[in-house]
Amino acid sequence: MGDLENSGKNNPPQNVKLPIPGKRNILITSALPYVNNVPHLGNIIGCVLSADVFARYCRLRGYNVIYICGTDEYGTATENKALEEGVTPQEICDKYHAIHKSIYEWFDISFDKFGRTSSPEQTKVCQAIFKKLLENNWLSENTMQQLFCDTCQRFLADRFVEGSCPHCNYDSARGDQCENCGKLLNPTELLDPKCKVCKSAPHIRDTDHLFLELPLLKDKLEAYINEMSVAGGWSQNAIQATNAWLREGLKPRCITRDLKWGVPVPHEKYKDKVFYVWFDAPIGYVSITACYTTEWEKWWKNPEEVELFQFMGKDNVPFHTVMFPSTLLGTGENWTLMKTISVTEYLNYESGKFSKSKGIGVFGNDAKDTNIPIEVWRYYLLTNRPEVSDALFTWDDLRAKLNNELLKNLGNFINRVLNFIAKAPGLGYGSILPDAQDAESHPSTKALGDKVGELVEQYVEAMEKVKLKQGLKIAMAISTEGNGYLQENEFWRLYKDDQPTCSIVMRTSAGLVYLIASLLEPFMPSFSIEVLKQLNLPLEQISLCDEKGDIERAKRPWEILSAGHRIGTPKPLFKELKEDEAEMYRGKFSGSQADRADRKLKEEAEAKISEQLNKAKLSVVLECFPSVYLDILSLSKYVRQPFLLYATLLGFSKVEFDLLFRTILLHFLQLTNIRFNGASFCCILFPWLFSLISNGWMSPVQSSTSEVNSQASAVLSLFDTFISISASVVSYRIQHQLSLIEFSILNVVFCFVTPLTIVNGNAKKGKPKKSAQGASKTASLAEAEISVSRLDIRVGLIKKAEKHSSADSLYVEEIDVGEPQPRKVVSGLVKYIPLEKMQNRKVCVLCNLKPANMRGVKSEAMVLCASNSEDTKVELVEPPEGAVIGERVKFPGCEGSPDDQLNPKKKVWETVQPDLRTDEELVACYKGIPFTTSAGVCKVSSLNEAKIR
């Protein structure tokens, strides 16, 4: 039975469920979301939403199931976030736990328990497991070298250190992982490390830690993996990630950290340390279940009667297939080990990656703030679930799926059926389901029943194997069959010509509506609730149980709902998403969350200023100069266009130009006693503005409207001087009775000469000269577009390569890139390419990265390489034999000059790099465009569809 009544409640009020002997008992967990940030859509589909679909399906099937999850609250990331926000770690956890809980409620996630790892139960369970491991001699002590900050007087945990990645030169790599290339790191591997708290350079100091001896547990672990990966039907990506760890050889894994925020280690020597988050976090599944029921061991120490299903993103796999099982196996107790693991790849956003740390993408709270219903979000994420490869979220795709699949297919079928049944007698059935006598003798109805029966069996098979995307596709196919069935039988004609057959068609179709609502309940519970409401059926009726004959009945959809049943009131289920709405959302959620906050503040400030000008200052002006101001407004609508166009080309927004224009206009009118008419004013003001822009006195403002006001004030300081002179010009016109055209010509000349005179006169007084920003408008506009043309990739020849004297994983190369002297380049290629193969060979070299100090050697460029998805194999990107040393690698159709040096803050390389890959022919490409030289394209030896960095 589906848990519809509690849909969307994190911890629904219900009796505690325990395993029932003889029934299928299923324990479901999803990766515990870390509590230091708001979850984005990639996080949601990667764990909690996927697990929720399977939990709801299991309830529909009548299985005895509980779904456990909660926030992962200990570790360095929490301490780091608390430091950023100036609060305690506990306050951070309280804040973000509430945010996560609220978002998951909105997404209709039906946890049986949504808990926290900062509970007393976590400490109790975690310490008990540790003591068992210690008793069984699976732990060892070892001395580690760790970075210590003298200023902060503490050892620095992974995320309290930042520096340059030794593999890709990314200058903001964390101490545990490089976000740019994805490589796992130790803090001591970072080049030029800095303490994140005080920015001082730490030094290496010895510290003792406890380790889990994975090599000693290898036999037990491999026996478990070999058996359960087959029995549980592990996904291929889970098997690959696990085998990659095993191939590299298991190593002792540190389980303690020099932190304060975490589960304390119950050992006298290590009492000032806490458990490493990846030791204690998976134990959170157990402790949260202990918060759900004191009889938690009936779920977690009962492998004979309980099946454990776990859901997560691919980066969490080794910790659930290697670390957590090894921990439990080491206790010697009869734990319920994971049977099935369901893994997702990454969901990317538009042209880049979702990123919690950078705030890029659509986040859970963003989805709540749109007018797009929750069932649409769930449907889109699940149809796009990245089960075997990375998937892409785009607003255009969401719009297409909503409008074509949900509205025109699913919604259309249900509305056609229910609306026709609801029509008054003589036009329909007065909301009463008709009888369907001899339905099996009706050929198309019998054929439909057979087809639907097959699809339902396929649906069950897919869902049992946790192939959620396929299950959703099959359920939607039944809607397509229903539309075809209605169209084939032309029910509107049958109603007039053959009512008995029409009754068969409509009762069968109503049964399909109920069936579709049942099959889609795990995916879109709010949709199913609404459909059942329109069918006038109780929520608890929905079921897909074998014992009740629900699956068998699907083959006879005309029997699903009883004749004589009165349906409810039909209404549309979905609303079209228009193109301009999708475009609005794309703009609204572009950039990072910080960018959006700045944009919102700027828009609010501009609106406030504009409102103040309209309500306050303009009322004064209209009082003093009513006819003049109205005259100016009517004329300026036409005269101002050329100047606005010119300002726009130089980078001004319309809002910025209008704010400056209006401020100067008001100041102008209030300063002078001359009775200007509208034509005279426009002839003076607009050439003056034009001249100011041309001379760099007015420039686009990128941050806040306070800069607009500041800029306007600077211009007005010149304007005061200008007023007295311009008054003389107007008087000259009146005295000599010049025509408007003659006056305009005179004034244009005057307006261009006067600012230069004023500027030169004020230069010695410290007044600003022509704005550098104003002088480089065109350059800044061009810079806004990030493409591969901004990279300076050249053909290089390695003249000499040797191992770095201070780093075992690094080579130092001297590479000829067509300059008077070779460039020195440091590359993390020792593990992948033998030294002899690094000598005297052509390579592709990125020459305009900012130089980085790598263990005492200044690296002046980067050698481009391709690597497989596991980063176990790396190959150089090689130009063809005849390529000229120093020539620039080009990308046909992507023209432009490279930056002299890439500004790390602009993230040009980080933006372009995800689109650099090899194709099926081993050719290095950018978005499918080959790396091209005068002698041909650049290639790799054997890695196709591989990332380049």
Determine the minimum heavy-atom distance between [X] and [Y], stating which atoms define it.
| X | Y | result |
| --- | --- | --- |
| Asp390 | Tyr346 | OD1-N, 3.0 Å |
| Leu133 | Thr327 | CD2-O, 3.5 Å |
| Leu217 | Gly330 | CD2-CA, 3.9 Å |
| Leu916 | Trp909 | CD1-CZ3, 3.6 Å |
| Ser869 | Lys947 | O-NZ, 4.1 Å |
| Asn136 | Gly332 | ND2-N, 4.0 Å |

Could you tell me if the side chain of [Y] sits less than 4.5 Å from the side chain of [X], heavy atoms only?
| X | Y | answer |
| --- | --- | --- |
| Pro89 | Thr78 | yes |
| Leu810 | Leu191 | yes |
| Met838 | Tyr811 | yes |
| Leu32 | Ile288 | yes |
| Tyr96 | Lys81 | yes |
| Leu210 | Lys273 | no |
| Lys260 | Val274 | no |
| Ile815 | Pro822 | no |

For residues [X] and [Y], is any side-chain donor paired with an opposing acceptor at under 3.5 Å?
| X | Y | result |
| --- | --- | --- |
| Asp150 | His203 | yes |
| Ser942 | Lys873 | yes |
| Glu162 | Ser172 | no |
| Ser287 | Gln122 | yes |
| His167 | Glu189 | no |
| Lys124 | Ser119 | no |
| Asp208 | Thr143 | yes |
| Glu73 | Tyr34 | no |
| Thr71 | His100 | no |

Working to the nearest 0.5 angstrom, can you tell me the gap between [X] [atom1] and [Y] [atom2]?
| X | Y | atom1 | atom2 | value |
| --- | --- | --- | --- | --- |
| Leu902 | Glu910 | CG | CD | 8.5 Å |
| Thr918 | Phe931 | OG1 | CZ | 10.0 Å |
| Lys831 | Asp871 | NZ | CG | 9.0 Å |
| Arg949 | Leu864 | CZ | CG | 11.5 Å |
| Asn186 | Gln177 | CG | CD | 12.0 Å |
| Cys198 | Gln153 | SG | CD | 10.5 Å |

Is it the case that more than 12 heavy atoms not belonging to [X] sit under 6.0 Å from its [atom1] atom?
| X | atom1 | value |
| --- | --- | --- |
| Asp808 | CG | no |
| Glu836 | CD | yes |
| Asp900 | CG | no |
| Lys194 | NZ | yes |

Checking Arg154 against Phe160: charged group under 6.0 Å from the ring centre and within 45 degrees of the axis?
yes

Using a strict threshold of under 4.0 Å (side-chain N to carboxylate O), is an ion pair present between Asp915 and Arg917?
no

How are the rings of His320 and Tyr285 set relative to one another: parallel (under 30°), tilted (30 to 60°) or perpendicular (over 60°)?
tilted

Specify whether Phe275 and Phe279 have parallel, tilted or perpendicular ring planes, treating 30° as the upper limit for parallel and 60° as the lower limit for perpendicular.
tilted

Run the numbers on Glu141 and Lys269 for salt bridge (charged side-chain N to carboxylate O under 4.0 Å, His left out), then give the verdict.
CA-CA 11 Å; Glu141 299 182 68; Lys269 181 178 177 180; 2.9 Å; yes

Applying side-chain contact (heavy atoms from CB on, under 4.5 Å), name anything that partners Thr88, two or more places apart in sequence or on another chain.
Gln90, Glu91

Between Glu875 and Lys837, does the salt bridge (charged side-chain N to carboxylate O under 4.0 Å, His left out) criterion hold? Intermediate values first, please.
CA-CA 11 Å; Glu875 295 177 352; Lys837 292 190 177 181; over 6 Å; no

